[in-house]
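Have a look at the structure below, then the notes.
Within every chain, numbering begins at 1; the chains are lettered A, B, ... in the order of the sequence lines, protein sequences first and strands thereafter.
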Protein chains: 2
Amino acid sequence: MNIGEVAERSGIPPKTIRYYEDIGLVRPQRSGNGYRAFRETDLHKLAFLGRARALGFSIEDCRTLLGLYEDESRESAQVKDVAEEHLAAIDEKIAQLQSMRDTLSHLVRSCHGDQRPDCPILSDLAGEVAPEDVQPFGLDP
Amino acid sequence: MNIGEVAERSGIPPKTIRYYEDIGLVRPQRSGNGYRAFRETDLHKLAFLGRARALGFSIEDCRTLLGLYEDESRESAQVKDVAEEHLAAIDEKIAQLQSMRDTLSHLVRSCHGDQRPDCPILSDLAGEVAPEDVQPFGLDP
DNA sequence: ATAGGGCTTCCAGTTACTGGAAGCTCAAGA
DNA sequence: TCTTGAGCTTCCAGTAACTGGAAGCCCTAT
């Protein structure tokens, strides 16, 4: 198989496949004309990589997972460790984004979004203490 | 103010402040000895940047927001547009991570994580169709 | 023979910093 | 006064994971 066909069948663009070869994730053979010659096992590996990347594993994690996959004497605990660590990282990322989202959506809601220049989003970024929603009448004595 | 004090007061490391100057986000003056000489307004800008970055705005968004902040004739709608677009990007990111998280946590739960080599995580990555939870007895005739 | 599409390599750019090296400046202490 | 150390300067390189583009070879069809 040439790179084009492998790209199509694995869903990974040719550029990326070449990159994966560069960093040693796949080692296709070469035909006489210098073209990469992929076997089914290469295709299989690339599909594996595609799915692992789609789950957000880093390239180094992918390298580890691929190694475990090919290691008959692996222990499933090793795989689970990698996956659990990644899961924890994802959870952290989600929490971080969620917190940004909360603040930001609050700010967006509080902004008139009209032709006037005053904007609570900018005020917040500028560190002006939020005047809450200023009461028309004071509540304090 | 020298860079160290500004770093401390803004919470942005010196390296990053120099970088922000490189890309034109701040333009501190210079003292006779070649040291950067920051004024209060520079500090203010850096704090603004720090907060915007903490909300996940890209550097280019920060540049835009800073421009709007300094533009007396801005319309709050412009600010709101930037913020809403960013909010949408965050939502997309969260959805993507959440979907990864769902798949991954399912896989992790289904893996024994012991000394044996068989592992549903690897099976999934390898594209083997999940044998669901294989029934001990067939249900089909 | 030539046109095109596919393949090759290599270089550069992306994002937002961060680390490190070499070297200048300044304030304090022996 | 000299030295020491902290703080400042610039410049270069590296990070993650690709992606775009240029220059050029290969193969097939007309």
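- At most 12 heavy atoms of other shown residues, nucleotides or ligands fall within 6.0 angstrom of atom CD in B:E85.
- Between A:H44 and A:Y69, the ring planes are parallel. Angles under 30° get that label, and only those over 60° would be called perpendicular.
- Counting non-hydrogen atoms of other residues, nucleotides and ligands closer than 6.0 Å to CD of A:Q98 gives a total above 12.
- When the C1' atom of D:dT28 is taken as reference, atom CG of A:N2 falls 13 Å away, rounded to whole Å.
- The residue A:I23 sits apart from the nucleic acid: no heavy atom pair falls under 4.0 Å.
- If you check the side chains of A:D118 and B:S76, you find no donor sitting under 3.5 Å from an acceptor.
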Got a list of protein N/O to nucleotides 1-5 of chain D N/O distances below 3.5 Å?
none

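- As rounded to whole Å, 19 Å separates atom P of C:dG6 from atom CZ of A:R30.
- With rounding to the nearest 0.5 angstrom, the CD1 atom of B:I121 is 12.0 Å from the OG1 atom of B:T103.
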### Task
Could you run through nucleotides 17-27 of chain D and give me one letter per nucleotide, 5' to 3': B if any protein heavy atom sits under 4.0 Å from the base, S if only the sugar-phosphate is that close, - if neither?
BBSBB----BS

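- For the pair A:L49 and A:C62, the tightest heavy-atom approach, listed with the atom from each and the gap, is CD2-CB, 3.7 Å.
- Counted within 6.0 Å of CZ on A:R30, heavy atoms from surrounding residues, nucleotides or ligands total more than 12; the atom is thus considered enclosed.
- Atom CE in B:M1 sits about 16 Å away from atom C1' in D:dC8, given to the nearest Å.
- Sorted by first and then second residue, the side chain to side chain donor-acceptor pair (under 3.5 Å) pairs with a member in residues 10-20 of chain B form an empty list; sequence neighbours excluded.
- Rounding to whole angstrom units, CG of residue B:D22 and C1' of D:dA13 are separated by 15 Å.
- From B:R36, atom CZ reaches atom CD1 of B:I17 across 9.0 Å, with rounding to the nearest 0.5 Å.
- Atom C1' of nucleotide D:dC8 and atom CZ of B:R18 are separated by 7 Å, given to the nearest angstrom.
- The separation between A:E21 atom CD and C:dT9 atom P is 7 Å, rounded to whole Å.
- Considering only side-chain N and O atoms, A:R36 lies nowhere under 4.0 angstrom from the phosphate OP1 or OP2 of C:dC7.
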